[in-house]
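Input: a single structure, listed below in structure tokens.
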Amino acid sequence: MTVPERYGLGPIKVTAIADGKVDMVAQLTGSGYSISGCSGGGGVSSQGGGGVRFSCDEGPAATINDAMSLEVVDILDAVAVLRIEPAG
């Protein structure tokens, strides 16, 4: 899914939906990257070449780059409903 450039990420691609988590990857378009608030201790790791990988559980929204709110609203088998909006 494509997100506004001001969020500092290129398109977000869902790579897996399993065990109540949604795994995603995205290229960085800005000079830095931060994420906080994925429920269940969602992990973040640098992917080299300007990309990131993150995993979020269903529940409270995560804040990415202090600009974007990403919430995993619901997970049904291999389908997830995500809500993306400006942070704040």
Side-chain angles (χ1 to χ4, degrees):
M1 75 191 88
T2 302
V3 298
E5 189 174 317
R6 69 182 176 273
Y7 294 160
L9 298 176
I12 298 172
K13 179 180 178 183
V14 173
T15 58
I17 301 171
D19 301 323
K21 292 184 188 177
V22 179
D23 295 334
M24 296 164 266
V25 294
Q27 289 189 309
L28 294 176
T29 59
S31 60
Y33 174 77
S34 66
I35 187 170
S36 64
C38 277
S39 66
V44 179
S45 62
S46 175
Q47 282 301 99
V52 293
R53 174 177 301 226
F54 48 100
S55 177
C56 295
D57 296 336
E58 187 177 331
T63 302
I64 300 174
N65 292 337
D66 295 326
M68 180 179 101
S69 172
L70 185 149
E71 179 182 2
V72 177
V73 177
D74 199 8
I75 298 174
L76 301 167
D77 298 320
V79 176
V81 176
L82 306 177
R83 178 179 295 134
I84 295 174
E85 58 191 12

### Task
Walk me through it: do Val52 and Met24 pass the test side-chain contact (heavy atoms from CB on, under 4.5 Å)?
CA-CA 8 Å; Val52 293; Met24 296 164 266; over 6 Å; no
#### Entry: Between CG on residue Leu82 and CD1 on residue Ile12, distance to nearest 0.5 Å
8.0 Å
## Note on the structure
Closest heavy-atom pair, Gly10 versus Val3, reported as atoms and distance to 0.1 Å, is O-CG2, 3.8 Å
### Query
By the rule that ILVMFWY residues connect when side-chain heavy atoms come within less than 4.5 angstrom, directly or transitively, which residues belong alongside Val81?
Val73
#### Entry: For the student: nearest non-hydrogen atoms of Ala61 and Glu71, plus distance
CB-CB, 3.8 Å
### Query
Is any side-chain heavy atom of Ile84 closer than 4.5 Å to a side-chain heavy atom of Met1?
yes
### Query
Would a distance-only check, ignoring hydrogens and angles, find a side-chain to backbone donor-acceptor pair under 3.5 Å from Ser69 to Thr63?
no
### Query
Counting only heavy atoms not in Glu5, do more than 12 fall under 6.0 Å of its CD?
no
### Query
Which pair of non-hydrogen atoms, one from Lys21 and one from Ile75, has the smallest distance, and what is that distance?
N-CD1, 3.8 Å
### Query
Roughly how far apart are Ile64 CD1 and Cys56 SG, rounded to 0.5 Å?
6.5 Å
### Query
Do Leu70 and Phe54 have side chains that get closer than 4.5 Å, going by heavy atoms?
yes
### Task
Specify the closest pair of heavy atoms between Ala78 and Ile17, including all atoms of both residues, with the distance to one decimal.
O-CD1, 3.3 Å
### Task
Indicate yes or no for a side-chain donor-acceptor contact from Thr29 to the backbone of Gly8 under 3.5 Å, with no hydrogens or angles considered.
yes
### Task
First locate atom CG of Leu9, then atom CD of Gln27, and finally report the distance between them rounded to the nearest 0.5 Å.
10.0 Å
### Task
Give the C-alpha distance, both sets of side-chain angles, the deciding distance and a yes or no for side-chain contact (heavy atoms from CB on, under 4.5 Å) between Asp74 and Glu58.
CA-CA 6 Å; Asp74 199 8; Glu58 187 177 331; 3.8 Å; yes
### Message
Give me the atom names and distance for the closest heavy-atom approach of Val25 to Thr15.
### Response
CG2-CG2, 3.8 Å
### Query
With distance as the sole test, does Asn65 use its side chain to make a donor-acceptor pair with the main-chain N or O of Tyr7 at under 3.5 Å?
yes
